[in-house]
Amino acid sequence: MSSSSPTGKELASTFNPADIESSLYSKWLKADYFTADASSTKEAFTIVLPPPNVTGVLHIGHALDQTLQDCLSRMKRMKGYEVLWLPGMDHAGIATQNVVEKQLGAQGLSRHDLGREDFVKKVWEWKAESGGAILDQMKRLGVSVDWSRERFTMDEGMSKAVVSIFKKMHEAGLIYRAERIINWCPRCLTALSDIEVDHQDDAGEFVQIRYGEGEQSIVVATTRAETMLGDGAVAVHPDDPRYKHMIGTEVLLPLVDRMIPIIADELVEMDFGTGAVKVTAAHDPNDFEMAVRHNVPFVVIMNEHGVMAGTGTEFDGMDRFDARVAVVAKLKEMGRVVAEKRPYIHAVGHCSRCDTTVEPRLSKQWFVKVAPLAKASADAVRSGEVKIEPEALAPRYFEWVDNMHDWCISRQLWWGHRIPVWYGPNDEVKVIGPDEKAPEGWTQDPDVLDTWFSSGQWAFSTFGWPEKTADLAKFYPTSVLVTGYDILFFWVVRMMMMSTFAMDGVAPFKTIMLHGLVRDQFGKKMSKSRGNVIDPIEFMDKYGADALRFTLARGANPGTDQALAEDWIGGSRNFATKLWNATRFAMMNGANVNGALPATSELNAIDRWILSRLSETLRDVDSLLENFEFARACETLYHFAWDDLCDWYLELSKETFASDSKANSQRVLGHVLDQLMRTLHPVMPFITEELWCTLTGGESLVVAGWPKSDSSHIDKKSEKLISTLQEVVTEVRRFRNDQGLKPAQKVPGRFSGSADVLEYASALRFLLKLEDKDFTPSASLEIGGIKIELDLTGSIDVVAERARLEKDLAAAKKDLQTAEVKLGNAGFMAKAPADVVVEIKERLAKTTSDIERITAALAALK
RNA sequence: GGGUGCUUAGCUCAGUGGUAGAGCGUCUCGUUUACACCGAGAAUGUCGGGGGUUCGAAACCCUCAGCGCCCA
C-alpha cells in the first residue's frame, strides 16, 4: 500500500531514523535557518549554550541540556522571533593541560622539557586535531545553533575581552594580589578556587597530642598530625573553664622544641575534640584567620609538592602522608599521644580534576573582591530583573551569593589567559590593557586566569564586547539561560557577577532555567565505576535522536533530577513509529491541507471533537512550554497523539474514510496532523520535519509558523458525545472480553437510545465487531442512556457476567455512599462551593440509577 | 553543624484542597483496512508513621522516622 503526497513522495512502511536524520540536518544548515540576523526587526530571543569543555564528549547531561535549549529555540523561531542560539567551547585550563601533559608523559616528556611557548603551541595543535569532538556529536542531536557565531574562550576576541575586563576590574579596585591560604593541588601544582575542590568523606585519623609538661601542658586534637611542626600557637575558647587559667601562657611544642603561646579565640568549638586546637597559620584557613587576629607567626613546613621542608627536623624530605605516620610514631614513643581514633571519617578536599588531596597553602595569588559583585548579582534576582525557574531553587542561589568568599583567579598553569600584569625592575606593578605595550625590560606575571574568569564573560564577550557591536545591541541581555542546577555556583553566579559589572548593571539573562541531573533507571547517579553510564550517541544510533530527545524532555520536570532507562527510550521510539504510521495511514486515506478548513457546522461530531481536543492541546502545550514545563508538555502531546488521535479519532473515522462523504474529514485530519507536527517539532525535529513536508509539501517546519489554539473550535457538546461513545465502546469490549469472545469475532448487535449517539451506530458497530442483522438478543447492556443488545447464540457465561455486574455494583454502591455522606453533611452543604455541590448531586443521581440498572440485570440473570 | 529537598502502584515519577494518575513492567485475549516498535481487556496504592487545621487533606501546619543533595 502506498501513501502519496503533494510532492509525490511516499513514506516507507517502517520508520528508520537513520534514513532521515543526517540529511535533514544538512538541509537545515544549507538553508541557513539557524543563522541569526542582528539587523532583523523581529524581537530577539537569545540563548548562549553553556560551553562544553574542549576536551569533552557528549554525555547524557549535555543531551538533556541541549534538547531543552533546542526546544525553546525552535519554538521561538516558529513564533517569529529572531533567534540566536550561540554555541562554543571552553578552553578548560587544568583539564586540557592535563590531557596534553599526559600525552607528553607517554613519550617520557614533561611540559618543562618543551618550555612554555612550545607547550602552548602543542595544546593548540591538540585542539585542532582532537578537540571539540563534542560539536559533531551535538549535530546528531539536531541542535539549531548558529554555527557562524561559534566561539572559543581562548579565541582572539574573547582573549581581548578578558584582558579588558581584568583591567577594568583592577581599576575599580575589584582585583587585588594578596598572600592567603589557598587550596593547592600538589600534583597539578596550582592554586584552585573553592569550587574546584570536592569534599569527600575519607578514612583518616584523629589524634590527641599533649603539648608541654606537667601543669603547663595541654592536649590538642588533630587529623593532620604532621602540621604540628608548623604550629605557632594553641587556641582555646575564651570562656572554656578548663583552659581559662592558661590563656596567655606558653607551652612547649614537641619535636621542634619551641615555646608557643596559648591564645583565646571564639572560633574554637569547646565541644569538639579536647576544646584546644593547634594553630598552623600557614597550612589551614581557619588557623590563618586566628593567626592574623593574634599575630601568630606563619611557619611554612611543606614545599609545593606536599613534601616536608624547612622544619629543621628529621621529617624534612618526607611526603606529607609519610610524615603524618612518622610524626605520630615519634610522639607515641615520647608518650605524648593521649588518644587515637582510626579510622576517623571526615571530609577532605580533593582536586576536582585529578582527585589529589588538596593542601591548604599560604601563597601569593590574585583575587577578585566579590562582595560588590555578589551583591549586584543577588539584587538582580531579588528585584525580579532575573527570574530563577523553578523559583524553589532561588534560596540556593541566595545562600551562595550572600556568603561568597573572595575568588582566587590565578592558576599556576600554562594553558589559559595569561594574567595581564607586568612587573618592573623596581617592583612596579602595572596592568597592561589589550591595546597597550609593557615597558621595555618588564616581565609578565607567569600565571594564567581561572577558566571561569573567561567563561564568566560568555554572555557578552561572545557578542564582541568591548566593541559596541550590532550583536551586542540586538542580543544582549540573553533571554534565558538553560543549565543544570549543579553549575549554578560554578558558572551562573560568575556570569551574573562579570556581566552586571561589564554591562553597566544589566544582568546577562532574563531567566535562569535550571534542570536536574540525568540518573540511571533506579535514580542512582551515573558513574564509570558503577557502570551505569548511558551514552547518548549509542542510544541515538539505536533508537534515533527524536526518541532520545523526547524521553529526556518528557522526564524534565523543573529543577528535579530524572531517571532514564533504555526501555523508556524504546518507548519514545515506539511513539515516533506511531506518528509515522498514523501519518502514513492518514495519507492513504487522502488527508490533506488543501484550502480552508470547512465550517464547523458542516462537520460531523467526530471531526468537531478532534478539532476541539486539538485546540485544547495547543493551548495547554504552548503555555506549558512557555513556563519550561517540558515534561507536562510532552505528556500532553503524547496522549493527544496516541489516545485521542490514533486510538479514537482514526478508529471512529475509518468508516467515514471508506464512504463517499469523506472530504471534510480528510481536510480535518490533514489539519490536525499539520498542527500536531508543528507542535511536536521543537521536541522531535527530525520525524516531524519528514512527515510534515511529505504531508503538506511545505519547505520546512523550522521556518513554519507556530500553531495558535482556535478557541472557536472548543466544543464541549461534541466532547460529551464522544465521551459517551467511548464509554459505550469500552463497556461493550469489557463485556465481550468477560464473555470470552475473541476480539475479531463478529456478534449480531443493535443499539437504541438517544438520536445523537445512534447517528454513529455504524462506527460503533465497526469498533465493536457487531453485525447489523435480525436476531433475538440474549444479552443487553445499558451505558450512558444507550441500550446495547447482543446475540450470544442463546448462551452467555452467567458466572462471568454475574461477577462483572457485582463488581460494578460494589463500585457504584461505594460511590453512592461517599456522595450520600457528603450531601448529608450539614457543614458540607453550608460551606462547599455551589458547583461542587451540584457535581456531587449529579454523581448521586447517576450512581442511584446505575445501581437500579445493575440490580435489575442481576435479577434477570438465571 | 548550617541550608535544602524527597518519601504516592513492582520500578521511575506526575499530581497543591473536591471520587488516586502516567510511562515502563505484570496477567489474559488477539494478526481486525496504519502500526506486534501493535490492538483490546485486567490486576496492583489505608499517597512513610502519628497528631492538627478544614464541611472535605496525597496536597496546608506540627511532629517522628528513613533517604538524598549542597555548603562548612
Side-chain angles (χ1 to χ4, degrees), chain A residues 1 3 11 13-15 194-195 199 269 271-272 285-286 347 349 392-393 395-396 398-400 403 485-486 488-489 516-517 519-525 543-544 547 551 554-555 557 559-589 629 631-632 634-635 638-639 642 646-647 650-651 654-655 657-658 729-738 740-746 766-769 807 811 814-819 821-833 835-837 839-840 843 847:
Chain A
M1 211 169 291
S3 49
L11 291 174
S13 61
T14 325
F15 168 52
D194 292 347
I195 54 174
H199 293 271
E269 285 177 56
D271 305 335
F272 186 74
N286 288 330
L393 290 177
R396 287 200 192 192
F398 291 126
E399 194 207 338
W400 185 266
N403 304 297
Y485 63 73
D486 56 323
L488 183 61
F489 312 136
L517 310 176
R519 294 168 172 275
D520 78 0
Q521 60 184 313
F522 303 112
K524 297 275 177 255
K525 209 168 172 174
Y543 301 104
T551 310
R554 190 181 189 178
N557 288 113
T560 61
D561 291 352
Q562 61 172 297
L564 182 66
E566 177 165 0
D567 279 353
W568 309 343
I569 304 173
S572 298
R573 186 268 321 265
N574 296 352
F575 179 52
T577 308
K578 192 76 183 174
L579 294 172
W580 184 271
N581 280 304
T583 307
R584 198 163 64 94
F585 176 72
M587 287 173 61
M588 291 188 305
N589 283 286
E629 296 265 15
R632 293 173 66 190
C634 288
E635 202 65 17
Y638 180 91
H639 287 293
W642 203 312
C646 294
D647 287 350
L650 291 180
E651 294 302 327
K654 275 179 177 169
E655 248 248 321
F657 286 123
V729 169
T730 306
E731 282 305 309
V732 174
R733 278 173 175 167
R734 193 174 144 226
F735 173 79
R736 289 184 52 124
N737 209 287
D738 289 347
L741 295 177
K742 303 294 176 208
Q745 190 179 331
K746 298 248 183 197
F766 175 79
L767 287 182
L768 293 168
K769 309 292 171 222
K807 199 180 145 196
K814 202 183 145 205
D815 286 354
L816 178 72
Q817 205 198 347
T818 4
V821 167
K822 286 206 173 198
L823 294 172
N825 181 330
F828 176 80
M829 295 307 284
K831 295 189 177 173
D835 56 326
V836 175
V837 176
E839 197 191 314
I840 304 291
R843 204 181 298 158
T847 46

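In the text below, chain A, chain B and the rest are named by the order of the sequence lines, each starting its count at 1. Below, all heavy atoms of this structure are taken into account, side chains as well, without hydrogens, waters or symmetry copies.
By the 30° and 60° cut-offs, the orientation of the rings of A:Trp642 relative to A:Phe575 is parallel.
Figure legend: cation-pi geometry between A:Lys831 and A:Phe828 absent, as NZ or CZ is not positioned both under 6.0 Å from the six-membered ring centre and within 45° of its axis. A cation-pi arrangement is absent between A:Lys578 and A:Phe15 under the rule of less than 6.0 angstrom and at most 45 degrees off the ring axis.
When heavy atoms are screened at a 4.0 angstrom cut-off, A:Arg843 is found touching base atoms of the nucleic acid. Contact annotation for A:Glu839: backbone-only contact, meaning every heavy-atom pair under 4.0 Å involves sugar-phosphate atoms and none involves a base. Contacts of A:Asp561 with the nucleic acid, taken as non-hydrogen atoms under 4.0 Å apart, are absent. Using a 4.0 Å heavy-atom distance criterion, A:Lys814 is classed as making no nucleic acid contact. Looking at heavy-atom distances under 4.0 Å, A:Ala582 makes contact with a base. Across all strands shown, A:Asp567 has heavy atoms under 4.0 Å from sugar-phosphate atoms exclusively, and none from any base. Looking at heavy-atom distances under 4.0 Å, A:Glu399 makes contact with a base.
For the pair A:Ala392 and A:Gly827, nearest-nucleotide mapping onto RNA chain B gives the more 5' position to A:Ala392. Residue whose closest nucleotide on RNA chain B sits further toward the 5' end, between A:Phe522 and A:Tyr638: A:Phe522.
Residues A:Ser572 and A:Ala547 come closest through the heavy atom pair CB-O, 3.3 Å. Of all non-hydrogen atoms in A:Leu823 and A:Met829, the two that sit nearest each other are O-CG, 3.4 Å.
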Pair A:Arg632, A:Glu635 - check salt bridge (Lys or Arg N to Asp or Glu O under 4.0 Å), show working. CA-CA 5 Å; A:Arg632 293 173 66 190; A:Glu635 202 65 17; over 6 Å; no
Go through the steps for A:Asn574 and A:Tyr543 under the test side-chain hydrogen bond (donor to acceptor under 3.5 Å, both in side chains), then give the verdict. CA-CA 9 Å; A:Asn574 296 352; A:Tyr543 301 104; over 6 Å; no
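B:U33 atom C1' lies 8 Å from atom CG of A:Asn589, rounded to whole Å. In this structure, NZ of A:Lys831 is placed 11 Å from C1' of B:G56, rounded to the nearest angstrom. Counting to the nearest Å, the P atom of B:A57 and the CG atom of A:Asn825 are 11 Å from each other. Per the geometry, CD belonging to A:Gln745 stands 13 Å off P belonging to B:U32, to the nearest Å. Rounding to whole angstrom units, CH2 of residue A:Trp400 and C1' of B:C70 are separated by 9 Å. One can place CZ of A:Arg519 at 14 Å from P of B:C6, the figure rounded to the nearest angstrom. Per the geometry, CZ belonging to A:Arg396 stands 10 Å off P belonging to B:U4, to the nearest Å. The interatomic distance linking A:Phe398 (CZ) with B:G3 (C1') rounds to 15 Å, in whole Å.
If you take atom C1' in B:A14 and the same atom in B:G45, they sit 15 Å apart, rounded to whole Å. When the C1' atom is used for both B:G15 and B:A20, the distance is 9 Å, rounded to whole Å. Spacing of P atoms, B:U53 relative to B:A58, comes out at 16 Å, to the nearest Å. When the P atom is used for both B:G21 and B:U63, the distance is 33 Å, rounded to whole Å. Separating the P atom of B:G68 from that of B:C27 is a span of 33 Å, rounded to the nearest Å. Straight-line distance between the P atoms of B:C64 and B:U28: roughly 48 Å, to the nearest whole Å. If you take atom C1' in B:C29 and the same atom in B:A65, they sit 46 Å apart, rounded to whole Å. For the C1' atoms, the distance linking B:C67 with B:G25 amounts to 24 Å, nearest Å.
Summarising the base pairing, B:U26 is matched to B:A42 through a Watson-Crick or G-U wobble pair whose two defining distances lie under 3.5 Å. Nucleotide B:G21: paired with B:C13 (Watson-Crick or G-U wobble, both distances less than 3.5 Å). The base-pairing partner of B:G66, taking Watson-Crick or G-U wobble contacts with both distances under 3.5 Å, is B:C6. Partner assigned to B:A57 is none, using Watson-Crick or G-U wobble distances below 3.5 angstrom. Pairing of B:G1, defined by two Watson-Crick or G-U wobble distances under 3.5 Å, is identified with B:C71.
Judged purely by atom type and a 3.5 angstrom limit, A:Asn825 has no side-chain atom pairing as donor or acceptor with the backbone of A:Val821.
One N or O donor and one acceptor, one from the side chain of A:Lys769 and one from the base of B:U32, sit under 3.5 Å apart. At a cut-off of 3.5 angstrom, counting only N and O atoms as typed in the model, there is a donor on one side and an acceptor on the other between the side-chain of A:Glu651 and the base of B:A34.
Judged purely by distance below 3.5 Å, without hydrogens or angles, the side chains of A:Arg734 and A:Asn737 never pair a donor atom with an acceptor atom.
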Identify the pairs formed between an N or O of the protein and an N or O of nucleotides 37-46 of chain B at a distance under 3.5 Å, and give each distance.
| from | atom 1 | to | atom 2 | distance (Å) |
| --- | --- | --- | --- | --- |
| B:C37 | O4' | A:Asn574 | OD1 | 2.9 |
| B:C37 | O2 | A:Arg573 | NE | 2.8 |
| B:C37 | O2 | A:Thr577 | OG1 | 2.5 |
| B:C38 | OP1 | A:Asn574 | ND2 | 3.2 |
| B:C38 | O3' | A:Lys578 | NZ | 3.1 |
| B:G39 | OP1 | A:Lys578 | NZ | 3.0 |
| B:G39 | OP1 | A:Trp642 | NE1 | 2.6 |
| B:A43 | OP1 | A:Lys807 | NZ | 2.2 |

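Separating the CG atom in A:Asp815 from the OG1 atom in A:Thr847 is a distance of 6.5 Å, to the nearest 0.5 Å.
Checking the phosphate oxygens (OP1, OP2) of B:A14, a side-chain nitrogen or oxygen of A:Thr560 falls inside 4.0 Å.
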